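Since the model is a prediction, treat every value here as computed from it, not as a measurement. The sequence lines fix the lettering, A, B, ..., with proteins before strands; numbering per chain opens at 1. Only heavy atoms go into these numbers, but all of them, side chains included; no hydrogens, no water, no symmetry mates.
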Protein chains: 2
Amino acid sequence: MKSCVLHDDGREQVAGFHMAGDLLGLDAIGSGNHTCDTLALEDTEVREIPFASLEQLSREMPSLQHQLHRIMSREIVRDHGVMLLLGSMSAGERLAAFLLNLSQRFAARGYSPSEFRLRMTREEMGSYLGLKLETVSRTLSSFQERGLIEVRQKQVRIVDFSGLKALLEQKR
Amino acid sequence: MKSCVLHDDGREQVAGFHMAGDLLGLDAIGSGNHTCDTLALEDTEVREIPFASLEQLSREMPSLQHQLHRIMSREIVRDHGVMLLLGSMSAGERLAAFLLNLSQRFAARGYSPSEFRLRMTREEMGSYLGLKLETVSRTLSSFQERGLIEVRQKQVRIVDFSGLKALLEQKR
DNA sequence: CGGTAAATTGATCTCCATCAAAGATAGTGG
DNA sequence: CCACTATCTTTGATGGAGATCAATTTACCG
């Protein structure tokens with residue numbers, strides 16, 4: 001699924017992509033309404049948890065309470081990572097970070113870390129990474145030319161993990 | 001105060017500026033260690049709240065529990081706003097948004113919304129906004145030429161609020 | 001009042017956005 | 001089953017916003 005924040009003026013940006021098991025909607029607790037729209041990119045099963053019950057339960061179960069706080073905290077840390085990405089990385093670095101992140105998350109769910117199908121369009125990736133779809137496409141092509149990955153439309157295979165990681169660590 | 005996330009490779013980015021009454025450090029709950037360094041930009045009084053006691057107390061006081069969740073949720077929403085800014089706004093829009101945000105926060109604390117002193121350097125602003133210090137300086141100068149603000153080093157006076165807001169709403 | 005850090009301003013360059021067009025893919029209906 | 005259409009992707013050519021490099025100027029502090 002993808003979550004989009006939308007600006008007053010109509011501009012919108014993908015704030016995150018979600019996979020099986022992810023908890024989402026935490027943004028609504030503060031004000032009562034959601035600041036994101038979330039859209040499924042493929043058939044998806046969703047479980048709704050009323051936040052009031054979660055709060056009540058977590059009062060009785062300290063471990064649940066703590067777990068909830070961990071999840072919210074992680075979301076904040078994740079967002080900081082994205083801010084770093086958007087604020088100080090080049091197109092290539094952004095794509096490399098994105099692919100490695102996806103790879104990790106697929107692996108955590110028991111799928112192959114090296115071969116997967118992108119569920120989102122180039123435009124959605126670009127929106128998330130602060131790039132235009134053409135730049136996303138070009139950068140992926142260049143990765144392929146350099147032997148880092150193989151792309152064919154939405155199908156991706158990571159060939160050279162350390163090469164991708166090197167893209168992120170070289171600067172300074 | 002300013003909070004900086006630092007990347008493995010040494011790059012760092014300002015993740016936020018804090019003012020009196022702000023709660024900070026929420027990023028550490030997940031992993032146990034802080035992913036941000038926070039640095040005071042002027043003499044500051046800080047109160048430490050052990051998170052364990054906060055959790056315990058909030059189990060006994062549902063209103064406190066809810067308040068805590070609101071604060072964490074707001075932090076997430078705020079970060080999404082910054083992501084939108086970094087991902088899809090021009091230098092001028094970023095600066096305008098930044099100044100208006102500061103203005104609001106000063107006003108909320110009983111200070112003048114139109115005249116204040118920037119506590120951070122141009123470089124720190126730039127780091128937060130994903131810009132270089134020269135661009136920050138140039139953009140502020142251009143705002144002044146256009147009669148939107150008056151700047152003299154760190155001292156800022158907002159002359160034309162609606163003009164600044166218009167910068168944010170024009171697109172699309 | 002000298003020394004250092006910060007800010008301003010100018011000149012040039014680079015990366016990515018933009019504009020444009022051609023391929024690829026999937027879904028639809030005859 | 002296949003033409004037809006809409007959407008997505010790739011690739012090329014060009015332009016522009018902001019980065020980078022560089023030189024002053026201004027403020028701050030002991």
Return the OG1 to NE2 distance between A:T38 and A:H18, rounded to the nearest 0.5 Å.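 The OG1 atom of A:T38 sits 4.5 Å away from the NE2 atom of A:H18.
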From CG (A:L164) to CG (A:L100), nearest 0.5 Å: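 Between atom CG of A:L164 and atom CG of A:L100 there are 5.0 Å.
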Can you tell me if [X] touches the phosphate of [N], counting only side-chain N or O atoms and a distance under 4.0 Å to OP1 or OP2?
X      : N      : result
A:S141 : D:dT11 : yes
B:R152 : C:dT8  : no
B:K154 : C:dA6  : no
B:T135 : D:dG18 : no
A:R122 : D:dT10 : yes

Scan [X] against the nucleic acid and name what it touches under 4.0 Å (heavy atoms): base, sugar-phosphate only, or nothing.
X      : result
B:G126 : nothing
A:R119 : nothing
B:R94  : nothing
A:G92  : nothing

Check ion pair B:R47-B:E45 (N to O, under 4.0 angstrom):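 Looking at B:R47 and B:E45, the cut-off is met.
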Interatomic distance, [X] [atom1] vs [N] [atom2] [rounded to whole Å]:
X      : N      : atom1 : atom2 : result
B:L129 : D:dA17 : CG    : C1'   : 16 Å
B:Q144 : C:dA7  : CD    : P     : 15 Å
B:M125 : C:dA6  : CE    : P     : 12 Å
B:E42  : D:dC28 : CD    : P     : 14 Å
B:L133 : D:dT26 : CG    : P     : 18 Å
B:Q155 : C:dT8  : CD    : C1'   : 18 Å
A:L131 : C:dC15 : CG    : C1'   : 11 Å
A:K132 : C:dA20 : NZ    : C1'   : 16 Å

Please determine whether any donor N or O and acceptor N or O are separated by less than 3.5 Å between the side chain of A:R138 and the base of D:dG12.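 For A:R138, whose side chain was compared with the base of D:dG12, there is a donor-acceptor pair (under 3.5 Å).
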At less than 3.5 Å, do the side-chain atoms of A:E134 and the base atoms of C:dC19 form a donor-acceptor pair?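 Present.
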Could you report the tightest heavy-atom contact between A:F161 and A:S114, atom names first, then the distance?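 Minimum heavy-atom separation between A:F161 and A:S114: CE1-CB, 3.9 Å.
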On DNA chain C, check which nucleotide each of A:G130 and A:Q153 is closest to and give me the residue with the more 5' one.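 Here A:G130 is the residue nearer the 5' end.
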What's the closest nucleotide to the B:S137 side chain, out of C:dA24, C:dT8, D:dT20?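 Selected nucleotide (nearest to the side chain): C:dT8.
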Test item: A:S141 and A:V151 side chains (from C-beta on) under 4.5 Å apart, heavy atoms: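 They are not in contact (no side-chain heavy atoms under 4.5 Å apart), so the answer is no.
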Does the side chain of B:R59 come under 3.5 Å of the side chain of B:Q65 through a donor N or O and an acceptor N or O?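 Result is no, nothing qualifies.
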